[in-house]
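One structure is given here, and the rest of the page talks about it.
By convention in this document, chain letters (A, B, ...) are assigned in the order of the sequence lines, proteins followed by strands, and residues within each chain are numbered from 1.
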Amino acid sequence: MKRPKIRIPRRRALAGLGASMGALALGDLVLSPPAHADDVDPDEQPLLVVFEFRGGFDTLLSLDPRDHTDPKFDGSGGVETGYHTLTNAGAGATLFQGTDLSQGSPTGLITPPGSNIDFGLAMTPIATAKDENGKGLFEDFCVIRGINMATLSHGVGSQYFNTGKFPRALSASGSSLGTWWARENPTAFKIPNLAIATSSYNEGLDPRATGLYIGDYTLLQKIFYPIDDSQQPHGDLAHALTKFQHQTHCLDHQFDAGGRVSLHRAAYDSSRTLLSPEIAAQFDFTTNPTVESVKAIYDHFGIVGAGREGLLKGPLGRAAIAAQAITQSVSQTVTVRLTELLDTHFDSWKDLQPTLQASCWDAVAKFITYAKSQKDSKGKSYWDRMTVVCVSEFSRTPRLNTRGGRDHWLYSSALVAGNGIRGNQVIGQSSDEDYSGLPIDMKTGAIIEQGPLMRPPDVWATVLHAAGLSYENVSNQSPVLIEPMLDS
Amino acid sequence: MNRACSRLALLMALPLAATLLALGCASGDPAPGPTGASTGAGIPAQREAAGDLTEIDTAVHTATRQVRRISLDSLQASLGIVAGNDIHGQPIYWRAAYGVNKIQFDGLNSGGYSKFGDELGRPNYLTETEESFLTTALYMKFMRDLATNVCSQMVEADRAYGPSSLPAGDRNLWRFAPVSTPASEEQVTQNLQYLVLRFLALKATSDAPLVASLREVYRAGETSTGHLSGDEDAQIEGWRGVCIAMLESPLFHLD
């Protein structure tokens, strides 16, 4: 019996279109010839490093502090600095590398000479840091306050700042900023996009720009070397395996409707690149490195002595890996989760929050000073074309809770510095009454009665624009450029 | 606008192109038989006579989700079935050694040391709640480690049975081809077809391009040992190479 001709049901047609859209989304890869690595000079590309403070950092101790001697902030109102809790906690609560952070200023605000920014005591290491020319790092900093995170969920807030797009329920929407940044010339760098202990997303962009995940330094040896060299295929077999991967068979076409086979092959090729003795040597992050560039990094970051292994696992070690990736021109973008432990709901707040944040800010300071001191192949500092962004998924409540800690807070702050960013300034503000974000005029930065609150897509759009890059990735979030951030 | 129109035209053309390609595969590789196996979006399980583009067998066609990479849990569960038992009679898994004492862990588990589940994207439901089904460079790097280790274990298990001690049916890697004596072309082909069925769940004909490609891998494995073709070690390395090729293949990792 002759089967009837079929009219494709609407749902199947849409499913087919969906598969085709997937291919179109990868159209730049599938249909266009890849950019040739030799055509692009990595030392002319803008660099990006994002430092994530996971858990929700307490901005009263860092980016958006208050004068603890002002009775307005003693807890009788909506904001409580809680300094009495810190200073009465006994030895260690605010002790960082032998210095009692709470003694740095009578008000708890750290304002270096010439700074237009008040920093909280946890930022003492970075607020007071200077580069090799004696210039305060704060001169490059733009602190943004009163960002509306629109969520109190760790995962949602983290993904929101990761991609610049509000997530779809618990699923990230869009690609990570690092992936977007690296997508234009992924072959110019050996590992164009590095994700250290954090998530990286790629939604429809060149698969070669997908973030390479590194949990911590112990994984480096596993990534750049075969786990068991004695089992590796050699010679003719190794070549034949690569050739086989690229041979297209019947089912490959069928499976590639969504671009997945192409992505698989691109990932295979990239994985072969990882097994490069040159890269492996540059990431010889062991407790006793032999490579000179790694030793120099260890010296700069203070990863020395008997506690070296612990330091490597923490913020300093993670920032050091980022520094090596950038200054050896291995990566164009690095996203680093410095810590996961800032979620201090309980009285661990007083013992953990100030010193752990200080460790993280110290790591950022050391990263920036290292980047400023290193020269690329053109004799210019890596800092000249670098953007650094420090974020957290939200901040913490302005009042201590009944357990002596702080809970999640909708508004947050961020620090942005570098390429195209005007430094030594604060944009935005939170209320002294209840620490909520205040609306600002995005063109002038003035606080206004009614108007928009700054959001992560606005920050990302401005950062991308400042670096001369498109911010089309967040266009469906209706971003508004925060013009006072721009150094033009 | 012009770019949008050309993209729209391409959008319309791609499903048709995929159908054409599917039917163009009529010779050589047979499509998966009517066993109920999912064949991906829009791909018919049975075909009408070649050239008839409009009639699709609705009786077996089912709507399927988009092709994606296999989950880590599925991969982990598959290995013991695909690779069979090791020399000790236990299901083969990816043995990743850790530390000076070379303690072995299942490399697809999560939790640090030589367990790479976290790095491969398995959610821990603390900081990560969803698995990414993207094939990344790191994933493929570890798949090489996995493939070489698993295939080496298959070699070890098949060797243990000896050249003539147990029935060929107890061997999982070179079931239809001897290694202690030179295998004929027919035996090599038959074993390649068997391995394609075992690893990829595909019934390939003897003249299928996939079989021909794998035969190249087999021969390269032989020559990589420096031994003569037909030598026992050479043939074993050839089969190990074929095993690695299939465990790295997109056809293994995509479903």
Side-chain angles (χ1 to χ4, degrees), chain A residues 3 5-6 11-12 15-24 27 54 154-155 170-171 199 201-202 207 210 212-213 215 219 222-223 226-228 231-237 239-241 243-245 247 249-255 257-258 260-261 263-265 267-268 270-271 274-275 340, chain B residues 7 10-11 14-15 18 21-22 25 28-29 39-43 54-58 63 66-69 96-97 114 116 118-119 127-130 132 134-141 144-145 148-149 152 202 209-210 213-214 216-217 220-221 223-224 237 241 244-245 248 250-251 253-254:
Chain A
R3 292 190 179 86
K5 291 184 179 180
I6 187 170
R11 184 172 293 181
R12 279 176 43 207
L17 280 175
S20 307
M21 286 294 285
L24 269 183
R54 183 65 189 258
H154 290 290
L170 293 179
S171 298
S199 307
Y201 307 100
N202 186 333
T210 301
L212 178 75
Y213 175 86
L219 193 64
K222 304 291 185 187
I223 290 175
I227 290 178
D228 187 340
Q231 295 179 337
Q232 294 305 301
H234 297 291
D236 289 349
L237 180 55
H239 295 303
L241 287 170
K243 183 182 174 187
F244 176 78
Q245 276 291 326
Q247 285 172 327
H249 304 102
C250 179
L251 274 180
D252 292 338
H253 290 297
Q254 298 172 1
F255 272 53
R260 291 301 169 130
V261 173
L263 188 149
H264 183 101
R265 292 199 172 113
Y268 178 88
S270 296
S271 73
L274 291 177
L275 296 171
E340 299 86 14
Chain B
R7 275 184 165 253
L10 192 58
L11 187 70
L14 272 172
L21 283 169
C25 297
D29 289 38
T39 56
I43 308 302
T54 57
E55 296 193 2
I56 299 174
D57 184 348
T58 59
Q66 193 176 5
V67 169
R68 71 176 192 192
R69 198 208 75 199
S114 281
F116 304 108
D118 291 336
E119 285 73 22
T127 54
E128 305 299 331
T129 58
E130 59 175 331
S132 165
L134 281 182
T135 310
T136 62
L138 187 63
Y139 180 87
M140 289 309 298
K141 190 274 172 188
R144 169 58 63 91
D145 292 316
T148 54
N149 180 261
S152 295
L202 297 175
L210 178 60
S213 298
L214 287 170
E216 286 184 32
V217 175
T223 58
S224 71
E237 183 65 358
I244 295 171
E248 292 184 327
L251 298 179
H253 290 276
L254 299 178

query = If you count heavy-atom pairs under 4.5 Å between each of A:Leu274, A:Asp228, A:Leu275, A:Ile227 and chain B, which one has the most?
reply = A:Ile227
key: Most chain B-contacting option - heavy-atom pairs closer than 4.5 Å, from A:Gln245, A:His234, A:Gln232, A:His264   = A:His264
Should [X] and [Y] count as side-chain neighbours, where that means a heavy-atom distance under 4.5 Å?
X        : Y        : answer
B:Arg144 : B:Ile244 : yes
A:Lys243 : B:Val217 : no
B:Thr136 : A:Leu212 : no

With a 4.5 angstrom heavy-atom cut-off, is it the side chain or the backbone of [X] that approaches chain B, or both, or neither?
X        : value
A:Ile223 : both
A:Thr210 : side chain
A:Phe244 : side chain

query = At their closest point, which heavy atom of B:Val67 faces which heavy atom of A:Arg260, and how far apart are they?
reply =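 Closest approach of B:Val67 to A:Arg260: O-CG, 3.5 Å.
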ask   = Taking all atoms of both residues into account, what is the closest heavy-atom pair of A:Pro207 and A:Asn202, and its distance?
value = CA-ND2, 3.7 Å
query = Is it the side chain or the backbone of B:Ser213 that comes within 4.5 Å of chain A heavy atoms, both, or neither?
reply = both
